[in-house]
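Working notes, structure below.
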Amino acid sequence: VSECFINIVHSGAVVSTVASQQEGSGMSRPVETALRTKLTNALKPDYLEVHNESHMHAVPPGSESHFRVLVVSSQFEGLPLIKRHRLVNEALKEELSSCIHALAIQAKTPEQWGSNPALAKSPPCMGGSKGDHTVEEKLKSGLK
């Protein structure tokens, strides 16, 4: 597994993507691209990171089912954490209802990001789907 880091400037904001790439899988990441686009359009972030963490879980190679996002947006000013998460979930409702199994969200204001510019680490996979041999079919059907 290799990771490539892509920094994109979009409307003055730094939009950063970490794409974990399985050997030979190419760079096609339609779910990851959709997440990045929808979060950028909905929340106009000052900073955005999208991490595909599927490779850390018991899913087939090349899956796009487990993500971690860091969204820094002035739209979060004055909002409690639950409302920030709801804004992220609303922007990604199509993907959350179909192809995303897990989404970890960090939603910060620019001031919070300035005082603590760190992305939380994901816990190790507990292997909840290792015994479910239908996972691959479920993931594929979510993409249709």
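Keep in mind that the numbers below use all heavy atoms, side chains included, and drop hydrogens, waters and symmetry copies. Residues take their numbers from the sequence shown, with the count starting at 1.
Here the CG-CD1 distance, from Leu92 to Ile100, works out to 6.0 Å after rounding to the nearest 0.5 Å. Taken to the nearest 0.5 Å, the CZ atom of Arg68 stands 5.5 Å off from the CG atom of Leu119. Atom NE2 of His66 is separated from atom CE of Met56 by 9.5 Å, given to the nearest 0.5 angstrom. The CG atom of Asn89 sits 14.5 Å away from the NZ atom of Lys83 when rounded to the nearest 0.5 Å. Residue Glu111 holds its CD atom at 7.0 Å from OG of Ser115, rounded to the nearest 0.5 Å.
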*Please lay out, stage by stage, how Asn116 and Lys108 fare under the test side-chain contact (heavy atoms from CB on, under 4.5 Å).*
CA-CA 10 Å; Asn116 182 15; Lys108 296 183 175 191; 3.9 Å; yes
*Dump the intermediate steps for side-chain contact (heavy atoms from CB on, under 4.5 Å) on Trp113 and Leu70, then the final yes or no.*
CA-CA 10 Å; Trp113 175 245; Leu70 166 63; 3.1 Å; yes
_Determine whether Leu43 and Val88 satisfy the following criterion, side-chain contact (heavy atoms from CB on, under 4.5 Å), listing intermediate values before the conclusion._
CA-CA 8 Å; Leu43 300 172; Val88 171; 3.9 Å; yes
*Report the C-alpha distance between Leu103 and Val69 in whole Å, list the side-chain angles of each, state the deciding distance to 0.1 Å, and finish with yes or no for side-chain contact (heavy atoms from CB on, under 4.5 Å).*
CA-CA 7 Å; Leu103 178 66; Val69 297; 4.0 Å; yes
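Taking both residues in full, the closest heavy atoms of Pro110 and Asp46 are given as CG-OD2, 2.8 Å, listed atom of the first, atom of the second, then distance. Here the closest non-hydrogen pair linking Ser73 and Lys44 is OG-O, 4.1 Å. In plain terms, the two heavy atoms of Pro117 and Gly114 that are nearest each other are CD-O, 4.1 Å.
Side-chain contact check for Val72 versus Pro45: every heavy-atom pair is 4.5 Å or farther apart. Counting only heavy atoms from C-beta outward, the side chains of Phe67 and Leu35 approach each other to under 4.5 Å. Residues Glu64 and Cys99 fail the side-chain proximity criterion, which asks for heavy atoms closer than 4.5 Å.
The closest donor-acceptor contact from the side chain of Arg36 to the backbone of Val50 lies at 3.5 Å or more, if one exists at all. Judged by distance alone, with hydrogens and angles left aside, the side-chain atoms of Ser63 form no donor-acceptor pair with the main-chain N or O of Ser65 at under 3.5 Å. Checked by atom type and distance alone, the side chain of Thr37 never pairs as donor or acceptor with a backbone atom of Ala34 at under 3.5 Å.
Within 6.0 Å of the CD atom in Gln112, the count of heavy atoms belonging to other residues, nucleotides or ligands exceeds 12.
In terms of hydrophobic clustering, with Ile, Leu, Val, Met, Phe, Trp and Tyr side chains grouped at heavy-atom distances under 4.5 Å, Leu87 and Leu81 are assigned to different clusters.
In summary, the side chains of His51 and Glu49 do present a donor paired with an acceptor at a separation below 3.5 Å, with no hydrogens or angles considered.
Here Glu95 pairs with Lys38 in a salt bridge; the nearest charged N to carboxylate O distance falls below 4.0 Å.
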